Amino acid sequence: MRYAKCNLIFFLGLCTIFNLGKAQPLDLVELWRMGGTEDDDVLFGTITSVGIDSKDQVYVVDWAHPGIYVFSNTGVLVTEIGREGRGPGEFQGLGRAVISDSDTVFAWDRRMKRMTIFSPKDYDVVETVLADWEVLGSPFALIGVAPEGFVLDFTHMFMQNDPRTDLTRDIYLLDRDGVQRTPVLAQLPVRKMILFRFSGASGFWFMPFGGIARHTMSGTGLVYSGHGDSTFITVRSTDGRVKRKIDLTHVPVPVTSEDLEEHFKQVDASRRYRRTLREAGIPKIKPMFQHFVVDDQERLWIQLSAAYGAKAAMWTILDEDGTPVNSTELPTNVRLEAVRKERAYGVLKKNNGVEVLVAYAIQ
């Protein structure tokens, strides 16, 4: 009863701050899912991107799989694009895929540092872009595609010989020759890391309950960026101009002792780990949001942090002006990755770490 009362108070607070009482609630009704059982065509590990084409086909990239899965709008596996290898149309470390308005498929290989462009008709290789993009570092992920080139995420990973904690995620627009076309589109700190040294070796742990940098690009070519510990999301055009800032005033969600013990249980924490985290200063408040996605109507869907014990997380949906227009609830272990044509596609993470693709109808 204590948790139920806490969640009710928290929800009423959200209604006040976000004016959710005036927003039309939406129901997301599950249509199909893929990857949850041994009988499914595909078993996923870690899903890194979900894209939708004009025929409502679904393109899914799995971190550990050297190809792009293509599903029909009813969840049937249609084909796979690419395979493992180093030749044209092959991958060594497929990171993300972006589907353009013309249904052209752009796939970024983070290991071979090359972009492969596939035809929308038969998925033949149209072009392979392999440029010296080391001026800014090595691109980690493809965020989106613009007429001038590619919007790329340069996330600087921790290295033992460079033990810094001020690493950032930098978003740039580069042309096909790897030339930076505009100033940095976004620069946000990565998730807070706690460095440690033990027996001559160094490493890091991520601080639990810390905010994470998020970036996405809308179908209209706008780049949305925000950090979970911040109270706004910035929207820029690909020429670097700030179009607007969306304020996200919220009711703070506390990190409780129950939250902390649950985290320690999940990671099988040692005494040393517990002590190091406590000395570093575990956050007292959860991030403002956990995730966000932009739909085909330029509405921003934001997953708010949930209180301890909550089974569902609130998603608030804002229009272009940042005004709440809708809201919905989803299980706390579901993150939406794409919203198109009255459908939403989410990734459900099971307790064993396996991820499942879920398609919803928006009602």
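Throughout, residue positions are numbered sequentially from 1 according to the sequence presented. Values in this document were obtained by computation on a predicted structure and should not be read as measured data.
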Student: So does Arg241 have more than 12 non-hydrogen atoms from other groups sitting under 6.0 Å from CZ?
Tutor: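 It does not: Arg241 CZ has 12 such atoms or fewer within range.
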Student: Test Met288 against every option in Leu304, Ile233, Val251, Asp229 by the side chain to side chain contact (heavy atoms under 4.5 Å, CB included) rule and name the one that passes.
Tutor: Leu304
Student: Without hydrogens or angle criteria, can the side chains of Asp170 and Thr168 be said to hold a donor-acceptor pair below 3.5 Å?
Tutor: yes
Student: In sequence, state the C-alpha distance, the side-chain angles, and the governing distance for Ser237 and Asp239, and then conclude on side-chain hydrogen bond (donor to acceptor under 3.5 Å, both in side chains).
Tutor: CA-CA 5 Å; Ser237 55; Asp239 61 8; 2.3 Å; yes
Student: If you take all heavy atoms of Val129 and Arg176, which pair is closest and at what distance?
Tutor: CG1-O, 3.3 Å
Student: Does Gly85 offer a backbone N or O that forms a donor-acceptor pair with the side chain of Gln92 under 3.5 Å?
Tutor: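 Checked: pair present.
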Student: Is Leu300 reachable from Phe232 through a run of I, L, V, M, F, W or Y residues, each pair having side-chain heavy atoms under 4.5 Å apart?
Tutor: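 No, Phe232 and Leu300 fall in different hydrophobic clusters.
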Student: Quiz question: by atom type and distance under 3.5 Å, do the side chains of Tyr69 and Asp62 form a donor-acceptor pair?
Tutor: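 Short answer, no.
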Student: Does CG in Asn351 sit with more than 12 non-hydrogen atoms of other residues, nucleotides or ligands closer than 6.0 Å?
Tutor: no
Student: Could you walk me through whether Val339 and Ile362 pass the side chain to side chain contact (heavy atoms under 4.5 Å, CB included) test, one step at a time?
Tutor: CA-CA 9 Å; Val339 181; Ile362 303 173; 3.7 Å; yes
Student: By side-chain contact (heavy atoms from CB on, under 4.5 Å), which residues pair with Lys265, not counting sequence neighbours?
Tutor: Glu262
Student: Taking the side chain as every heavy atom from C-beta outward, state whether Ser327 and Trp315 have any pair of such atoms under 4.5 Å apart.
Tutor: no
Student: Contact between Ile143 and Thr216 at the side-chain level, heavy atoms closer than 4.5 Å - yes or no?
Tutor: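 No, their side chains stay 4.5 Å or more apart.
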Student: Is the closest side-chain heavy-atom distance between Ile68 and Val105 below 4.5 Å?
Tutor: yes
Student: Tell me, with the steps shown, if Phe71 and Met34 meet side chain to side chain contact (heavy atoms under 4.5 Å, CB included).
Tutor: CA-CA 10 Å; Phe71 299 94; Met34 175 60 64; 3.7 Å; yes
Student: Would you call Arg340 and Asp56 a salt bridge, using N to O less than 4.0 angstrom?
Tutor: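 So Arg340 does not pair with Asp56 through a salt bridge.
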Student: Determine, stepwise, if the pair Asp109 / Arg111 fulfils salt bridge (Lys or Arg N to Asp or Glu O under 4.0 Å).
Tutor: CA-CA 6 Å; Asp109 191 303; Arg111 290 183 182 170; over 6 Å; no
Student: If you define the side chain from C-beta out and look only at heavy atoms, does anything of Ile246 sit under 4.5 Å from Leu318?
Tutor: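 With C-beta onward as the side chain, the pair touches.
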Student: Write out all pairs satisfying ring pair (Phe, Tyr, Trp, His ring centres under 6.0 Å) with one or both partners inside residues 287-306, taking only residues at least two apart or from two chains.
Tutor: Phe289-Phe292
Student: For a 4.5 angstrom cut-off between non-hydrogen side-chain atoms, does Phe264 reach Asp259?
Tutor: no
Student: Check for me, please, whether Val42 and Ile81 land in the same ILVMFWY cluster - side-chain distances under 4.5 Å, paths through other members count.
Tutor: no
Student: Report yes if some heavy atom in the side chain of Val145 is under 4.5 Å from a heavy atom in the side chain of Ser100; otherwise report no.
Tutor: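 The answer is no, as the side chains (C-beta and beyond) never meet within the 4.5 Å cut-off.
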Student: Report the C-alpha distance between Leu28 and Gln363 in whole Å, list the side-chain angles of each, state the deciding distance to 0.1 Å, and finish with yes or no for side chain to side chain contact (heavy atoms under 4.5 Å, CB included).
Tutor: CA-CA 6 Å; Leu28 269 59; Gln363 297 182 352; over 6 Å; no
Student: If you count every heavy atom of other residues, nucleotides or ligands that lies below 6.0 Å from Lys284 atom NZ, does the total exceed 12?
Tutor: no
Student: Mind listing the closest non-hydrogen atom pair of Val126 and Phe118 along with its distance?
Tutor: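 That closest heavy-atom pairing would be CG2-C, 3.9 Å.
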Student: Salt bridge (Lys or Arg N to Asp or Glu O under 4.0 Å) for Glu90 and Arg83? Distances and angles first, verdict last.
Tutor: CA-CA 5 Å; Glu90 297 177 338; Arg83 61 183 181 181; 2.9 Å; yes
Student: Can the positive tip of Arg110 be found less than 6.0 Å from the middle of the six-membered ring of Trp63, inside 45° of the ring normal?
Tutor: yes
Student: With distance as the sole criterion, is a donor-acceptor pair present between the side chains of Thr220 and Glu298 under 3.5 Å?
Tutor: yes
Student: Just one of Lys349, Arg335, Lys350 clears the side-chain hydrogen bond (donor to acceptor under 3.5 Å, both in side chains) bar with Glu355, so which one?
Tutor: Arg335
Student: Apply the test side chain to side chain contact (heavy atoms under 4.5 Å, CB included) to residues Leu77 and Val70: give CA-CA distance (whole Å), side-chain angles for both, the deciding distance (0.1 Å), then the verdict.
Tutor: CA-CA 6 Å; Leu77 181 62; Val70 184; 5.8 Å; no
Student: Just to verify, what does Leu43 make a side-chain contact (heavy atoms from CB on, under 4.5 Å) with, not counting sequence neighbours?
Tutor: Glu38
Student: Who passes ring-ring contact (aromatic ring centres under 6.0 Å, His included) against Trp205, sequence neighbours left out?
Tutor: Phe196, Tyr273
Student: Where is the tightest heavy-atom contact between Leu130 and Met112, given as atom of each residue plus distance?
Tutor: CD1-O, 3.5 Å
Student: Would you find more than 12 non-hydrogen atoms of other residues, nucleotides or ligands less than 6.0 Å from Asp41 atom CG?
Tutor: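 It does: Asp41 CG has more than 12 such atoms within range.
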Student: Give the minimum heavy-atom separation between Lys286 and Ala306, together with the two atoms involved.
Tutor: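 Where Lys286 meets Ala306 most closely, the heavy atoms are NZ-O, 2.9 Å.
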Student: OG1 of Thr128 to CD1 of Ile117: how many Å apart, nearest 0.5 Å?
Tutor: 8.0 Å
Student: Contact between Val29 and Tyr360 at the side-chain level, heavy atoms closer than 4.5 Å - yes or no?
Tutor: no
Student: Assess the pair Phe150 and Tyr172: is the distance between their ring centroids shorter than 6.0 Å?
Tutor: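 No - the distance between ring centres of Phe150 and Tyr172 does not fall below the 6.0 Å cut-off.
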Student: Could you tell me which non-hydrogen atom of Leu222 sits nearest to which non-hydrogen atom of Lys243, and how far apart they are?
Tutor: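 Smallest interatomic distance, heavy atoms only, reads CD2-CG, 3.9 Å.
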Student: Any donor-acceptor pair under 3.5 Å linking the side chain of Arg236 with the backbone of Val242?
Tutor: no
Student: Evaluate salt bridge (Lys or Arg N to Asp or Glu O under 4.0 Å) for Arg299 paired with Glu320, printing each intermediate quantity in order.
Tutor: CA-CA 6 Å; Arg299 296 179 303 180; Glu320 292 186 56; over 6 Å; no
Student: In a table with atom names and distances, give each donor-acceptor pair under 3.5 Å that connects a side chain of residues 207-215 to protein atoms at least two apart or in another chain.
Tutor:
residue, atom, partner, partner atom, Å
Arg214, NE, Gln290, O, 3.0
Arg214, NH2, Gln290, O, 2.9

Student: Considering non-hydrogen atoms only, spot the tightest contact between Asp103 and Pro120 and give its length.
Tutor: O-CB, 3.2 Å
Student: Any side-chain heavy-atom pair from Val347 and Val356 closer than 4.5 angstrom?
Tutor: no
Student: I'd like to know if the side chain of Thr48 and the backbone of Gly95 have a donor-acceptor N/O pair within less than 3.5 Å.
Tutor: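 Judged by distance alone, yes, a pair lies under 3.5 Å.
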Student: Could you tell me whether Glu329 and Lys311 make a salt bridge, using a distance below 4.0 angstrom between a side-chain N and a carboxylate O?
Tutor: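 Between Lys311 and Glu329 there is no salt bridge, as every charged N stays at least 4.0 Å from the carboxylate O atoms.
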Student: Check whether any side-chain N or O of Thr276 sits under 3.5 Å from a backbone N or O of Arg272 as a donor-acceptor pair, and report yes or no.
Tutor: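 Looks like yes, one N/O pair under 3.5 Å.
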Student: Quick one about Thr323 and Asp321 (side-chain donor to acceptor, distance below 3.5 Å, no hydrogens or angles considered), yes or no?
Tutor: no
Student: Distance check, rounded to the nearest 0.5 Å: Leu357 atom CG versus Glu337 atom CD?
Tutor: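 Those atoms lie 9.5 Å apart.
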Student: Between Lys341 (side chain only) and Ser54 (backbone N and O only), is there a donor and an acceptor less than 3.5 Å apart?
Tutor: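 Confirmed, Lys341 side chain pairs with Ser54 backbone.
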Student: Of all residues at least two apart in sequence or in a different chain, which pass the side-chain contact (heavy atoms from CB on, under 4.5 Å) check with Pro331?
Tutor: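 Result, side-chain contact (heavy atoms from CB on, under 4.5 Å) vs Pro331: Asn333, Val334.
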Student: How about His65 and Glu80: does a side-chain donor come under 3.5 Å of a side-chain acceptor?
Tutor: yes
